[in-house]
Amino acid sequence: MTTSDVSSTNKPSPDHRNGVVHRKGLAQTSMLDPSPDSVHVRKRDHVLQTTDDDRQEMGDFNSNSDSKPSDRPQSLSPNDVPNFMLLIVLYLLQGIPVGLSFGSIPFLLKAKMSYSEIAIFSLSSWPYSLKLLWSPIVDAIYWPELGRRKSWIIPIQTLTGILFLALGWHIDAIMAEDNINIYFITTLFLVTIFFCATQDIAVDGWALTLLSKDSLSYASTAQTIGLNTGYFLSFTVFLALNSAEFSNKYLRSAENVAEVGVMPLGTYMIFWSVMYLLITAWLLIVKTERQSTSDEDLLGIRGVYHTIWKICKLPHMKSFVTILLVAKIGFICNEGVTALKLLEKGFSKEDLALAALLDFPFQIVFGYYAAKWSSGPKPLRPWLYAFYGRLTCAVLGMLVVYFYPEGQSISLFYFCVIMLSTVLSSFMSTVQFVSISAFMTSVADPLIGGTYMTLLNTFSNFGGTWPKFFVLEAVDKFTVTTCSVPNADGSEMSCMTEAAKIACQKLGGTCINQQDGYYYAGSLCVLLGITLLVLFVKPAILKIQTIPKHMWRLKAAEDEKSSL
C-alpha cells in the first residue's frame with residue numbers, strides 16, 4: 001500500500017525531498033481501535049496474525065476470561081517457496097558475522113589474550129541486543145522508488161560486503177600480531193554487527209509482504225534455519241577448517257601437512273564478501289518489492305518510541321523486564337567461559353567443533369518438545385524447571401574443567417562427559433528460550449505486536465549480553481598466575497597476559513596458576529543465580545503467570561487505571 005492509499009484522515013505526511021518518505025506519527029489512540037480486517041504486524045523472531053478471536057479479546061477488556069487463539073493449521077504455499085528461500089538466504093547472511101563475533105573470534109583471540117581483553121571484544125555483540133533503539137527509524141524512513149525494505153537491505157549488505165572484503169585482506173596479519181590491538185578489532189566487528197542488526201530489522205519487516213497471508217507463520221522458520229545455518233558455518237565449520245590439526249588429520253595427505261588450517265580467516269571473509277555483493281546485486285536488479293502499510297506503521301517514529309515507553313510503564317511489565325535482565329546471571333559464566341577454559345586446558349578446536357556438530361540435531365529435537373511443553377496454560381513452568389537445570393549445568397561445567405586431564409589426550413569417556421554436559425546445557429537453554437518466547441507471544445498486544453515483541457526480545461537478549469563483560473573481567477581479577485623464575489629483586493612476575501608468558505619462557509621459567517578465577521567467578525554466578533531464583537525470580541514468575549492476558553494490553557491497562 002502506498003501513501004496515497006491511506007484514507008485522508010489517517011494519511012501520513014510524505015517528505016519527498018531527496019526521494020525519502022518519512023511517516024509522521026498519528027494520535028496513538030488510532031492504534032488501539034480494532035480494525036475490522038485482519039491486521040498483520042511484525043515482531044522479533046515471529047510473525048503474528050491477528051485473528052477474529054484476538055479481536056474479540058481486544059474488544060472486550062472487561063471480560064474475566066481470555067480468548068483462545070485460532071489453531072487453524074497453515075502450510076507453505078508453493079508460490080511462496082522462492083520467497084521463503086530468499087528469506088533463508090537473507091537470514092543466513094546475518095548469521096555469518098554473528099557466528100564470527102559471538103563464536104569463532106573469541107576462541108582465536110584466547111590464544112593470545114587474557115579474559116579481560118576478550119571481555120572488551122564481547123562489547124562488539126551489543127548492537128544485536130539493542131537494535132530496538134533504532135528499529136523505528138528503519139521502519140519509517142525509506143526511498144519509495146527502491147522499496148521500503150530494500151532501501152535499507154541493499155546499502156547495508158553492500159557496506160557489509162565491502163567491510164568484509166577490506167577485513168579479509170588484512171585480518172590474518174592483524175590476528176598474527178603478538179600484541180593485537182583489541183580496541184581496533186572490537187570496533188571493526190562492532191560496526192559489522194551494527195550492520196547485521198540493521199539488516200535484521202529490515203528483513204523482519206519485509207517478511208510480512210514477501211510471504212502471502214497463509215504462509216506468514218513460516219517467516220520464523222526461515223529465520224531459524226537461516227540464522228542457525230549461518231552461525232553454524234561461521235562457528236563450527238569454520239573452526240574445524242581453520243584448525244591445522246583437523247586439516248592435517250582429515251583433509252590433507254601425510255606429505256602435505258602444514259601449521260595452518262585449509263581455511264584462513266581472511267579467505268573465509270573474502271568469500272562471504274563476494275556472496276554479500278552478488279546477492280545484493282541480484283536484489284537490486286531482479287527482485288521487486290511489494291509496498292504495503294499496516295496500522296502499526298502509521299504510528300511514526302515518535303509514536304513508536306512513545307508506545308515503547310507506555311509498555312515499559314505497565315506495573316507487571318516492570319517485574320517481567322527485570323527478570324529478563326537478571327535471570328541469566330547464574331549461568332552466564334558457564335556458557336561464556338567454560339568452552340574457553342577447556343581450550344586453555346588443551347581441548348582442541350576441532351573437538352570443540354565436533355561437539356557442537358553433534359549437539360546440533362539435539363537442539364532441533366529439543367526445540368520440538370519444548371514447544372509442546374510450553375503450549376499449556378502455564379507456558380513459563382518449563383522455563384522455571386529449566387532454570388534449575390541450567391544452574392546444575394553450570395556446576396557440572398566447572399567440574400568438567402576441574403577434572404580435565406591437562407597435558408594429556410582425553411579418553412573417549414571424557415569426551416562423552418563433555419558432550420553430555422554440552423547437550424544438557426543446550427537442552428535447558430532451548431527449553432527456556434522456547435518457553436519464554438511462547439509466553440511473550442501469548443501476551444503481546446496484537447495491535448502493536450511488532451513494537452511489543454521487539455521490546456521484549458531486546459530485554460531478553462540484552463540479559464544474556466551485559467553480564468558477559470563483567471564475568472570475563474572477574475575471571476582475570478580472581479586469577480593469580482606467576483612465573484616461577486624470580487626477577488632481580490627476588491619478587492615474582494605475573495603471567496596474566498600473553499606477553500608476560502612469553503617473557504617468562506624467555507627467562508626459562510614456567511607460569512604457575514596459583515588461583516584460577518574461573519571457579520570463583522563461576523561459583524559467584526551460581527550463588528547469585530540461586531539467590532535471585534529463590535527471592536525474586538520464582539515468586540515473580542508464579543505471579544506473572546496468573547495475570548490475565550488482556551491486562552498486558554495497553555488499552556486494558558489504561559482503562560483500569562482511569563477507573564481507579
Side-chain angles (χ1 to χ4, degrees), residues 94 96-131 133-134 156 159-199 231 234-235 238-239 242 264-270 272-273 332-333 335-337 339-341 343-344 349 461-462 464-479 481 493-503 517-518 521:
Q94 294 175 32
I96 297 301
V98 169
L100 291 175
S101 180
F102 286 62
S104 295
I105 300 299
F107 284 101
L108 298 178
L109 292 176
K110 186 64 193 78
K112 294 185 177 183
M113 292 189 169
S114 65
Y115 287 101
S116 295
E117 291 171 312
I118 295 177
I120 296 173
F121 181 79
S122 71
L123 299 177
S124 66
S125 64
W126 280 35
Y128 209 81
S129 299
L130 298 174
K131 54 181 173 284
L133 299 178
W134 64 93
I156 287 296
L159 290 173
T160 305
I162 294 173
L163 182 58
F164 259 46
L165 185 62
L167 279 172
W169 287 113
H170 303 286
I171 193 66
D172 290 327
I174 294 174
M175 298 294 286
E177 295 176 358
D178 291 334
N179 296 313
I180 300 175
N181 187 335
I182 188 60
Y183 296 100
F184 177 67
I185 195 172
T186 299
T187 301
L188 292 176
F189 276 92
L190 186 144
V191 173
T192 303
I193 297 301
F194 173 77
F195 289 159
C196 176
T198 305
Q199 189 229 22
Y231 191 95
S234 284
F235 185 32
F238 170 72
L239 279 183
N242 184 256
L265 179 58
T267 303
Y268 183 79
M269 298 189 75
I270 290 174
W272 282 108
S273 73
I332 197 68
C333 185
E335 297 173 2
V337 185
L340 295 175
K341 290 301 297 186
L343 287 178
E344 187 179 299
K349 287 188 294 184
N461 293 336
F462 193 58
T465 302
W466 75 264
K468 187 177 296 185
F469 173 84
F470 299 100
V471 167
L472 288 167
E473 286 280 359
V475 171
D476 268 358
K477 294 296 183 183
F478 288 122
T479 298
T481 304
M493 297 187 305
S494 171
C495 278
M496 288 298 298
T497 65
E498 188 64 24
K501 293 178 182 177
I502 295 174
Y518 163 72

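Not measured: the values here are computed from a predicted model.
- Considering every non-hydrogen atom in both Ser124 and Ser101, the closest pair reads OG-OG, 3.0 Å.
- The minimum heavy-atom distance between Ser104 and Leu239, with the atom names listed, is OG-CG, 3.8 Å.
- A donor-acceptor pair shorter than 3.5 Å can be found between the side chains of Tyr268 and Ser234.
- Lys131 and Ala197 make their closest contact through CD-O, 3.6 Å (heavy atoms, listed as atom of the first residue, atom of the second, distance).
- The shortest non-hydrogen separation linking Asn242 to Pro264 is ND2-CA, 3.9 Å.
- For the pair Lys110 and Tyr115, the cation-pi criterion (under 6.0 Å, within 45° of the ring axis) is fulfilled.
- With rounding to the nearest 0.5 angstrom, the CG atom of Leu167 is 10.0 Å from the CD1 atom of Ile270.
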**OP:** Apply side-chain contact (heavy atoms from CB on, under 4.5 Å) to the pair Ser273 and Ile162, showing each step before the final yes or no.
**Re:** CA-CA 7 Å; Ser273 73; Ile162 294 173; over 6 Å; no
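- A distance of 10.5 Å separates CZ of Phe121 from NZ of Lys468, quoted to the nearest 0.5 Å.
- Aromatic rings from Phe469 and Trp126 are positioned such that their centres are separated by 6.0 Å or more.
- Side chains of Ser129 and Asn461: no donor on one and acceptor on the other come within 3.5 Å.
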Subject >> Verdict with reasoning, Ile171 to Met269, per side-chain contact (heavy atoms from CB on, under 4.5 Å) >> reply: CA-CA 9 Å; Ile171 193 66; Met269 298 189 75; 4.2 Å; yes
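- Atom-to-atom distance recorded for Met113:CE and Ile120:CD1 is 8.5 Å, nearest 0.5 angstrom.
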For residues 180-194, run the donor-acceptor check on the side chains, cut-off 3.5 Å, and write out each pair with its distance to 0.1 Å, sequence neighbours left out.
residue	atom	partner	partner atom	Å
Asn181	OD1	Tyr183	N	3.2
Asn181	OD1	Phe184	N	3.1
Thr186	OG1	Ile182	O	2.6
Thr187	OG1	Tyr183	O	2.8
Thr192	OG1	Leu188	O	3.0

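- Residues Pro97 and Phe164 meet the side-chain proximity criterion, which asks for heavy atoms closer than 4.5 Å.
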**OP:** Assess whether side-chain contact (heavy atoms from CB on, under 4.5 Å) is satisfied between Leu472 and Ser116, documenting all intermediate values.
**Re:** CA-CA 6 Å; Leu472 288 167; Ser116 295; over 6 Å; no
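- In this structure, the ring of Phe107 has its center less than 6.0 angstrom from the ring center of Phe235.
- Within the 3.5 Å criterion, the main-chain N or O of Ala176 finds a donor-acceptor partner in the side chain of Lys112.
- Closest non-hydrogen pair, Ala521 versus Phe478, comes out as N-CD1, 4.2 Å.
- Using a 4.5 Å cut-off on side-chain heavy atoms (C-beta onward), Phe238 and Leu265 make contact.
- For Trp134 against Thr198, the heavy-atom pair with the smallest separation is NE1-OG1, 3.0 Å.
- With rounding to the nearest 0.5 Å, the separation of CD1 in Ile96 from OG1 in Thr160 is 12.0 Å.
- Atom CG of residue Leu159 and atom CD of residue Gln199 lie 12.0 Å apart, to the nearest 0.5 angstrom.
- Atoms CG and CD1, from Leu123 and Ile118 in turn, are 12.5 Å apart once rounded to the nearest 0.5 Å.
- A donor-acceptor pair under 3.5 Å links the side-chain atoms of Glu117 to the main chain of Ser114, judged by distance alone.
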